[in-house]
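To start, the structure under review is shown below, and the notes come after it.
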Amino acid sequence: MIHHLVRRLGLGVVTLLLISFLVYGLIRSIPGTPLTVVVSQTDPSRRLNPADLERMKAAYGLDKPWYQAYFIWLTNVAQGDLGRSISRKAPVTELISKRVGPTLALSTGSLLLTWLLSIPLGIYAAARSGRGDERAVSLVLYMLYSVPTFVAALALQVTFSLWAEGTPWELPLFGMTSGGPHAGTAAWLADVGRHAILPLICQTYVSLAWYTRFINTNLQEVLRQDYIRTARAKGAGTIRVMVHHAFRNTLIPLVTLLGLSLPALLGGSVIIEQIFSWPGMGRLFFESLRERDYPTIMGLTLLFSLLTLAGQLLADLLYAWVDPRVSME
Amino acid sequence: MPLLEIRNLVTAFHTPAGRVPAVDGVSLSIERGTTLGLVGESGCGKSVTAMSVLGLVASPGRIEAGQILLDRDGRSIDLVGLPERQLRTIRGGRIGMIFQEPMTSLNPVFTVGNQVAEAVRLHQKVSRQAARARALELLRLVRIADPERRLDEYPHQLSGGMRQRVVIAMALACEPDLLIADEPTTALDVTIQAQVLELLADLRQRLGMAILLITHDLGVVAETCDEVAVMYAGRIVERAAAAALFARPLHPYTIGLLAARPEHRRAAADPLAAIPGMVPQPRDFPAGCRFHPRCPFVREPRCTAELPSLRELEPGHLVRCHYAGDLGDPATVPAEARAE
Amino acid sequence: MSEPARESIPPPRPRGFWAEAWNRYRRMPLAMAALIFIGFLAAVALFAPAIAGTKPVICKYKGRLYLPCLAYYNRGWEPVVFARDKFRGEYPANLEAKDPESWAIWPLVFQDPYRAVRRDEWPGLPANPARDQGHPSSRNLFGTTQTGVDVFAKMIHGTTVALLVGFVSMGIAATIGITVGALAGYFGGWLDVVFSRITEVVMCIPPLVLILALLAIVEKPTIWKMMAVLGLTGWTGISRLMRAEFLRLKSAEFVTAARSVGAGPGRIILRHVLPNALAPVMVPITFGIAAAILTESGLSFLGFGQPPPSASWGSLLNDARSNLKMWWLVAFPGAAIFLTVLAFNLVGEGLQQATDPRLREARK
């Protein structure tokens, strides 16, 4: 068990190094530097004079070849320092910690909704497999699954801007708060809640459709197993067979998915956060790519890759935990 | 009154390709405390008959006709059409069932003790501790070594023979009147087979229950059964006391089965040493006697045109063959089969 | 060559495997409908310049026949004579003025996917409305964009972009994935270690970083560069599946048999293992086409696609963001993306059911 974990962690570190090295090389090859891109975009008249540019380049290590700069970055990371954002003039860790909250609010809400809805829906679909109502539900979910998030998000925005403005159904289309002072925490929470409704729908419907289908197919597979017949022969009723015997077995692949959804939990959705101007991690990532803000891009990439690897490890551990047949030996 | 009486059971599957009658007018009866062997090749409808008794025929299958009468404290109840709630009290309560595949018949994510205890708690209002104690007792009853330890183990930690004992323990949890054993030893090693059969025979004596033993192995039947019913293509073709059947098989199919037993297959040239062909699929059942395409005694035109009825040729010995007892004397009849 | 011996090795899949799969596929109404819809899309994509455009499909000018509509496929294919004669893309009036003898066959809809049609460019046709005035109308079926470009024409030409991106990028991805997976699975050893590690690294880099970084490096992202980038980033799943299939199949009896009669690794991989491993990867490839179309329109939507003028469906959606009241900029391209993705998903699902023996048995 310990041996296995150590091996996995070692491999993970190697993979992380490779990824960060590659990504560093990639983004440094992108034309334009944070200094030229940001400044020229904001105000062409305020373009830096060459001497200033050189000074700033040196300050951010942009005057060195990228592999040298990578090792400098790596040494700093090893000491727990992710560097300072070039375009935002703030430590990367501070930027990230500001953005984690909004992303987590959306993603945990979405994950919770997905699980709360998809598990009963999936069980229901498996129990009614082949009947008219199940087919209708499955078809709708299947179609939902094929609706791209950005299309759904835009469609919602258009719908609400065309028909809901001025009605009680009006919802804010952008941002996380309406700005301005709030009368206490409750008012602030209510405001954020109203802003979160549309992004939450967009972030939930695809995973809801996907999870429901996943649970349904897995459950149907399980229901064909011999031990289900045994349970029925013992005298267990339909609900007990479904929930106790079958679902417990479906849980095995399901918790694996839970592990794999870890990166999305903190990484957020670039598209949804961008469309709804939600100040989360995805948006930060998108903006930093645009601004060629190397330290922030690298910090985020490192975090995302770390989460991906951690998610895989977590999935394995959870798997071993729910399936008695698997041991980590 | 027999413990279980099946009358003209018809169970059919409704597939896109049409109606498939897997069980087509089967009648059987089992007395309390006796063992009935239901014999036939795979695909003849034995298992569907058993599942029909428990009301566990999976859709698209359905019981279409017939009665399944169970004697419950002197009252006879018909299991066909019984509401699901009441059927559940029968399943695992009055009738226990064990299956062919011990490797897959147990739920992999629950401990053995948990699963046996569940069988108890599904039918009796007892505490968790009491159910667990009863589970331990049951594991002892089916002679599992070191039952205290096994109780908390998962199925994958047990051998095939041990798992089958667990399945038996589960089936016996409520001391049923009838145990249906569907090919209980087929998937097991020969030595384990003997042990499990011995266990079943012993349990029958101790608990006074009846056993419906479904098998394709006539050797198993000879050792354990009081009565035998031979099934072919959805129908009973011969029914008799075990001793009578082995002494004087009447149906050509039974004769063939007996001759096909390994210990009798010395002369390779025997025409019936292995019955040629396979059990037909229910949707291609032939007209007339369903066995006629494989029967060495077939006589045109009656066998190919007219369905033989199940007639009592000798007292207690029923056979579904036009010419049973008078099969003619083709040299094809294996001498050994007749000598039995 | 030991030809007879080779012939005696029975192929593990009967010759009619694909015929049988097709037979099963045909009986699935939804999957069939999806396939027909994709055929329809392909036809639209192929004949886009003849459906909507401002350049004649075929015309006779100064005694010679020309196909100016080909310019929509590739700007370099526009006959030089029209540039020399200073047509500036306006054919109807110029043809008439510079050669009264000329004639032309026009596209079904006289609208351009890249610019607004001006007043009287086509005799009697008013200029396209711009900004939020461009509601769908009989002249502009799906409305017009902020700058007055016809949405219908854009969508017709966008079909070409979408399908090209889907097929070409998945073609690249499948080639890389199958090659890497097959070599890693068949030869194993250090090759497998190296390839598997590369696959894992590519899988772990956030896809958006990879795609956006690559796109940024190539600077002006044309759709062709976009396809290359999507292909270079989308092969990992196929490679993993292929590797697993090869691991499973390389110890199969028919491969041992082939080896025993002296077949080399190249021959075994190509003739014996690959055809058997192909069925399972067809499914992710089909889903991958849908994903590629989705990614391309998403990138164009975010403004990372081909710079304007671009006919991508996603760029229309991007237009909609500046004015949410222009619902037609969301409804029509959104529906097109949704239906196309749905169609490919349904085909993939159908393929899975038609080729997966496990599912097949379960259905019996």
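The analysis underlying the following values was restricted to heavy atoms, covering all of them including side chains, and did not include hydrogens, waters or symmetry mates. Throughout, protein chains are lettered first and strands after them, A, B, ... in sequence-line order, and every chain is numbered starting at 1.
Heavy atoms of Leu106(B) lying under 4.5 Å from chain A belong exclusively to its backbone. Neither the backbone nor the side chain of Leu251(A) comes within contact range of chain B, judged by heavy atoms closer than 4.5 Å.
Pro108(B) approaches Pro324(A) most closely through the heavy-atom pair O-CG, 3.1 Å. Across all non-hydrogen atoms, the minimal contact from Glu101(B) to Asp226(A) is OE1-OD2, 3.5 Å. Heavy atoms only, all atoms of each residue included: Gly235(A) and Arg88(B) are closest at O-CD, 3.4 Å.
To the nearest 0.5 Å, the span separating CE on Met51(B) from CZ on Arg232(A) amounts to 8.0 Å. To the nearest 0.5 Å, atoms CZ (Phe110(B)) and CG (Asn249(A)) are separated by 7.0 Å.
Residues Arg240(A) and Leu122(B) form a side-chain contact, since some pair of their non-hydrogen atoms from C-beta on lies under 4.5 Å apart. For the pair Lys234(A) and Arg91(B), the minimum side-chain heavy-atom distance is 4.5 Å or more. Taking 4.5 Å as the limit, every side-chain heavy atom of Val322(A) sits out of range of all side-chain heavy atoms of Val109(B). Inter-residue side-chain proximity for Glu118(B) and His244(A) is flagged as met; some heavy-atom pair is nearer than 4.5 Å. The closest side-chain heavy-atom distance from Asn107(B) to Thr230(A) is not below 4.5 Å. With contacts defined as side-chain heavy-atom distances shorter than 4.5 Å, the pair Gln225(A)/Thr104(B) does not qualify.
The environment of OH in Tyr319(A) is sparse: at most 12 heavy-atom neighbours from other residues, nucleotides or ligands sit within 6.0 Å. Taking a 6.0 Å sphere around CZ of Arg135(A), one finds it holds 12 or fewer heavy atoms contributed by other residues, nucleotides or ligands.
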Exercise. Please test His245(A) against Gln115(B) for side chain to side chain donor-acceptor pair (under 3.5 Å), starting from the C-alpha separation and ending with a verdict.
Key: CA-CA 10 Å; His245(A) 288 270; Gln115(B) 294 188 58; 5.6 Å; no
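Listed options Arg85(B), Met103(B), Gln100(B), His123(B) were ranked by heavy-atom pairs under 4.5 angstrom with chain A; first place goes to His123(B).
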